[in-house]
Amino acid sequence: MLLTAELSALAGAAFVAEGYDGAFGAVRVSDRPDLAQFQCNGALGAAKSAGQNPRALGEKIAARLKADPLFAAVSVAGPGFINLTLTDEALSARLNGGAGGWRAETPETIIVDYGGPNIAKPLHVGHLRAAIIGECMKRLIRAAGHAAIGDIHMGDWGLPMGQLITEIARDRPDLPYFDPAFEGPYPDQSPVTLEDLERLYPQASAACKADPARAAEARAATAALQAGRPGYRALWKHFLAVSRASIEREYEDLGVTFDWWKGEADVDPLIAPMVEKLRAEGLTEIDDGAEIMRLARPGDKKELPPLILYKSDGAVMYGTTDLATILDRRETAHPDRIFYVVDGRQRDHFEQVFRAAGKAGLYPEDRLEHLWFGTMNGKDGKPFKTRAGGVLKLRELIDMVDQKAAARIAETGLAEGYGASETAAIARKVGVAALKFADLSNPRTSDYIFDIDRFTSFEGKTGPYLLYASVRARSILRKAAQAGAGAPGAPAVGAPEERALVLMLLQYGDALKDAFDRRLPHYLCDHAFRLAQSFSSFYAACRIVDEADPKIRAARLGLVAAFAGQLDTVLDILGMPAPERM
RNA sequence: GCACCCGUAGAUCAGCUGGAUAGAUCGCCAGAUUCCGAAUCUGGAGGUCGCAGGUUCGAGUCCUGCCGGGUGCGCCA
């Protein structure tokens, strides 16, 4: 249970006893740690609504709370702030009783859609945030007590497919895939490698941009693929297999995994019946040869364009596949919600899809959430580019961060004598932590500036700092065991630094709940950092392994163990596990 | 043009549903290591919260207008 919830209930009861709504009893961690540990500002609001003096009401509430032995101090400050400080015994008891955590009351099943890589297109920095935030949201959902299903939602069904097919057809028209008379079976071996795809796609894309006739050809091929032309389907399956292997590897390097590897193509069979049903219900209309669904509403401030179900050439767009995907998810997993971790520039698109889903009765609109995120920018404040001005591949970024982390480790003399493979594994973890923490510690919706030197620093609010704190705590516990310092006992509060650390540990549930409720992982990052800071202060101020008093020693070891456990739990949710040593 | 996001310390950013003296981190200045990992810790300087009005007992937070930056607006994803 949340400690703040327990305190809120107490204060709420006091408000009720004075004839006010218990909700005024909301207690939170104090903004003024120099004055108190917790505060309740309810007296101001309650008095305002009742036309009473807030200070006087605060005194009445405080008088009731003072009777509880839980509190070491209850006071009223300023216009009516109620300041609360718990006894050290109460703090220790709650920590040892497992307080401070949090779990949702009603477990739900939530699908997280956070990949969206396109076949034949290498992953680039644009995919990074979706991967990092999505993976974290998936873990956050689970930490909150819900069930999560991560779906990569491959972009395997759009115009790029037609562009690729036609490009290969031009290059090698002799292949059986392009012979309408060919009756199969088609070759098992892919006619193209990953490198071919990565070369051919930009080539095709550029050609289509330059030549309308070439573009029309690609659109026709896309439509033919979607209509089921056997040769195109066979070729497309090769694209899929070749791409997936490399995509999987890159996500794994980032510690990102998916439960479902579904894609747009998987829902293709659902599209025709779905649209037919919409048509029968009179929800669609033909406009300029395209079949659309109008979604504008009376109170709209902006003009929301209709969702195009079928283009005038008969091919579908991603709005159509997104709708069919909702249908598929509903039937196969019966999710309570679906989260889309996708760039904020697609907000209008998801507004369209969500409205369409609601209007068509496919899925409740308010259970579909677009968890959009901002852009990762370069130091110039503009979207991140390579020196040449191109898009940086994710592979290149991972290598860059890897190397930087390895260099940092080498220059500080860490991991000496660990052996090459362990050192490399540590560098990978440090690099991933640097990258992920930098991303997640910003509010999801804001843009941020990518600064590799700052991110990989071991100083300040960085991923490596957190890893270091974890490693140090583990090291202490190992040393204590080796030195026969005794087993960790129940944490107790003695020194001010211990009190501060215990208070931080008790705030974990609030951070978890805030992060989940608001779908903002940075609350958890903030907690992790402040927790690590509290630990470092405690560590600097208190002897642990060689503390002479065995009772204090055991309590402090217990505190270290509690810290290490909680930090590692949070690091796990953030998707940046610490090494055992470094 | 319309809609949305943003503007807080030299830099990068927090600030929950309106509450006390606007917080961190980096950088800068001054300290701390016969001791468990100093990649650390302690302290200090540094802010007209873009501008101007308004609502309120109280505004970084809510409302209006303006200035500046970014993004999106029908057959790409």
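What you see is a predicted model, and the numbers here were worked out from it, not measured in a lab.
What separates CZ of A/F455 from P of B/A11 is a distance of 17 Å, to the nearest Å. Put simply, CZ on A/F38 is 18 Å from P on B/A20, counting in whole angstrom units. Straight-line distance from the CZ atom of A/R444 to the P atom of B/G15: 12 Å, rounded to whole Å.
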Expected string for nucleotides 57-74 of chain B under the B/S/- scheme (protein heavy atoms, under 4.0 Å, primed atoms plus P, OP1, OP2 as sugar-phosphate) is BB------------SS-B
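Ring centroids of A/F529 and A/Y465 are separated by less than 6.0 Å, placing the two rings close together.
Residue A/S537 places none of its side-chain N or O atoms closer than 4.0 Å to OP1 or OP2 of B/C41. At the phosphate of B/C13, neither OP1 nor OP2 sits under 4.0 Å from any side-chain N or O atom of A/H522. A close approach under 4.0 Å does not occur between any side-chain nitrogen or oxygen of A/Y523 and OP1 or OP2 of B/A14. Here A/S30 does not reach the OP1 or OP2 of B/A20: none of its side-chain N or O atoms lies under 4.0 Å away. Taking only side-chain nitrogens and oxygens, A/R454 never comes nearer than 4.0 Å to OP1 or OP2 of B/C13.
Toward the 5' end of RNA chain B, the nearer of the two residues A/L520 and A/K311, judged by each one's closest nucleotide, is A/L520. If A/G289 and A/I449 are placed on RNA chain B by their nearest nucleotide, the residue sitting closer to the 5' end is A/I449.
Stem list for RNA chain B (at least 3 consecutive Watson-Crick or G-U pairs, distances under 3.5 Å): B:1-7 with B:67-73, B:10-13 with B:23-26, B:28-32 with B:40-44, B:50-54 with B:62-66.
Surrounding CZ of A/R55 are more than 12 heavy atoms belonging to other residues, nucleotides or ligands, all under 6.0 Å away. In A/E411, the CD atom is crowded: over 12 heavy atoms of neighbouring residues, nucleotides or ligands sit closer than 6.0 Å.
Here A/S536 lies in heavy-atom contact (under 4.0 Å) with sugar-phosphate atoms only.
Between the side chains of A/E291 and A/T284, at least one donor N or O sits under 3.5 Å from an acceptor N or O. A/R518 and A/Y523 are linked by a side-chain donor-acceptor pair at a separation below 3.5 angstrom, with hydrogens and angles left out of the test. Side-chain N/O atoms of A/H349 and A/D322 include a donor and acceptor closer than 3.5 Å. For the residue pair A/T166 / A/R214, a side-chain donor-acceptor distance below 3.5 Å is found, with atom types taken as modelled. A donor-acceptor contact under 3.5 angstrom links the side chains of A/Q346 and A/Y318, judged on distance only.
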Got a list of side-chain donor-acceptor pairs under 3.5 Å for residues 474-485 of chain A, not counting sequence neighbours?
{"unit_1": "A/R474", "atom_1": "NE", "unit_2": "A/D568", "atom_2": "OD2", "d": "3.0"}
{"unit_1": "A/R474", "atom_1": "NH2", "unit_2": "A/D568", "atom_2": "OD2", "d": "2.4"}
{"unit_1": "A/R478", "atom_1": "NH1", "unit_2": "A/E580", "atom_2": "OE1", "d": "3.3"}

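Taking every heavy atom of residues 526-534 of chain A and every atom of RNA chain B, pairs under 4.0 Å involve A/F529, A/Q533, by number.
Tested against A/Y340, the residues A/W372, A/F373, A/Y114, A/F354 include a single ring pair (Phe, Tyr, Trp, His ring centres under 6.0 Å) partner, A/F354.
Screening residues 119-133 of chain A for salt bridge (Lys or Arg N to Asp or Glu O under 4.0 Å) gives A/R129-A/D439 as the qualifying pairs, with residues at least two apart or on separate chains.
Scored by the salt bridge (charged side-chain N to carboxylate O under 4.0 Å, His left out) test, A/E497 finds no partners at all (sequence neighbours excluded).
Interface remark: the A/N83 side chain does form a donor-acceptor pair with the B/A20 base, using a distance-only criterion of under 3.5 Å.
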